[in-house]
Amino acid sequence: MTTAGQRMAAAFDGLAEGYDDAHHDGIARALVRWLTPGAGEAVADVACGTGAVALAVVAAGGGAVPVLAVDLSAGMVAAGRARADRAGAGGAVDWRVGPAVPLPVADGALDVVLCASSLHFLGAAALDDWVRAVRPGGRVGFTLPVASRFRPGGVFAGLVAGDLVMPETAEDGCRLAAAAGFADPAARLLSAGDRAVVMVRARVP
């Protein structure tokens, strides 16, 4: 693991016990409802944290079992495993501790990639990797913070990727997806208390 990766893992390990699951669960559920992974589709929850997306996919009855959930933080993955066990979904998620870029899958192995509340830490390399990992015609869905309402603090301010411009509008989200090589982008603004994100979906050509 690189030094930057070690800093990222340590920062999120420190959050794992008191992570804001309610906020992230709401965003994840909205993203999953919009993408609606079908039964049997291979789905990955990228930079999964405590598994908000993976657990939302399982709860909605979509995706093949198990859903792949990858995160650099062992603490976050441990918290996600505990959540899944409490929900009776312990066998429905394939938890992996390690870098989310590149995803630990073969080229074209996935039908759907979902990334909620994390892409701004992963950077543009994640978008390139999704083009590789998702089959032609497959889908991606992600969120990014609205630029004017994004206030990272402390160590996290230094972990934000410098090669992605945070969107201000849904149109900005569509432009970002199109520039990364995705087709048919669509985007929505989603407000969550004093925070807001742009939610984007698109297709791999």
Side-chain angles (χ1 to χ4, degrees), residues 24 26-49 51-71 92-94 96 99-147 161 163-192 196-205:
H24 294 292
I27 292 173
R29 285 193 297 268
L31 188 62
V32 169
R33 282 196 300 269
W34 203 29
L35 270 289
T36 59
E41 287 193 309
V43 179
D45 179 359
V46 179
C48 63
V53 164
L55 294 174
V57 171
V58 172
V65 175
V67 175
L68 176 63
V70 184
D71 200 282
V93 181
D94 176 9
R96 307 278 187 95
V101 182
L103 282 167
V105 299
D107 296 357
L110 298 171
D111 297 297
V112 181
V113 155
L114 297 167
C115 182
S117 308
S118 300
L119 180 57
H120 51 292
F121 294 114
L122 299 177
L127 298 172
D128 293 339
D129 187 52
W130 300 347
V131 173
R132 174 199 68 82
V134 177
R135 64 169 177 80
R139 293 159 292 151
V140 301
F142 60 88
T143 69
L144 282 167
V146 169
D163 60 357
L164 285 178
V165 177
M166 298 302 150
E168 187 64 32
T169 66
E171 290 75 17
D172 290 342
C174 288
R175 282 191 286 270
L176 187 153
F182 296 105
D184 305 322
R188 296 176 178 175
L189 280 173
L190 178 65
S191 291
V197 300
V198 173
M199 186 167 61
V200 181
R201 71 180 182 189
R203 182 175 55 81
V204 174

Are the side chain of [X] and the backbone of [Y] linked by a donor-acceptor contact shorter than 3.5 Å?
X	Y	result
Asp163	Ala124	yes
Asp129	Pro102	no
Asp111	Gly138	no
Arg132	Leu103	yes
Asp45	Ala54	yes

Is there a side-chain contact between [X] and [Y] (heavy atoms, below 4.5 Å)?
X	Y	result
Met166	Val146	no
Asp172	Val165	no
Leu164	Leu127	yes
Leu190	Trp34	no
Val200	Leu144	no
Phe182	Val204	yes
Trp130	Val46	yes
Val134	Arg139	no

Checklist entry - How would you list all residue pairs meeting salt bridge (Lys or Arg N to Asp or Glu O under 4.0 Å) that involve residues 196-205, not counting sequence neighbours? => result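 As it turns out, the salt bridge (Lys or Arg N to Asp or Glu O under 4.0 Å) pairs with a partner in residues 196-205, which skip direct neighbours, are Asp184-Arg203.
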
Checklist entry - Of Val43, Val140, Val57, which is the lone residue that meets side-chain contact (heavy atoms from CB on, under 4.5 Å) with Val112? => result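 The side-chain contact (heavy atoms from CB on, under 4.5 Å) with Val112 is passed solely by Val43 among Val43, Val140, Val57.
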
Considering all heavy atoms, the nearest [X]-[Y] contact:
X	Y	answer
Val93	Ala69	CG1-CB, 3.6 Å
Ala187	Val198	CB-CG1, 4.1 Å
Gly173	Pro167	N-CB, 4.0 Å
Ala47	Leu122	CB-CD1, 4.0 Å
Ala100	Val70	CA-CG1, 4.0 Å
Ala202	Ala177	CB-CB, 4.3 Å

Would you give the length of the straight line joining atom [atom1] of [X] to atom [atom2] of [Y], rounded to the nearest 0.5 angstrom?
X	Y	atom1	atom2	answer
Arg29	Ile27	CZ	CD1	10.5 Å
Thr143	Met199	OG1	CE	8.5 Å
Leu68	Leu110	CG	CG	7.0 Å

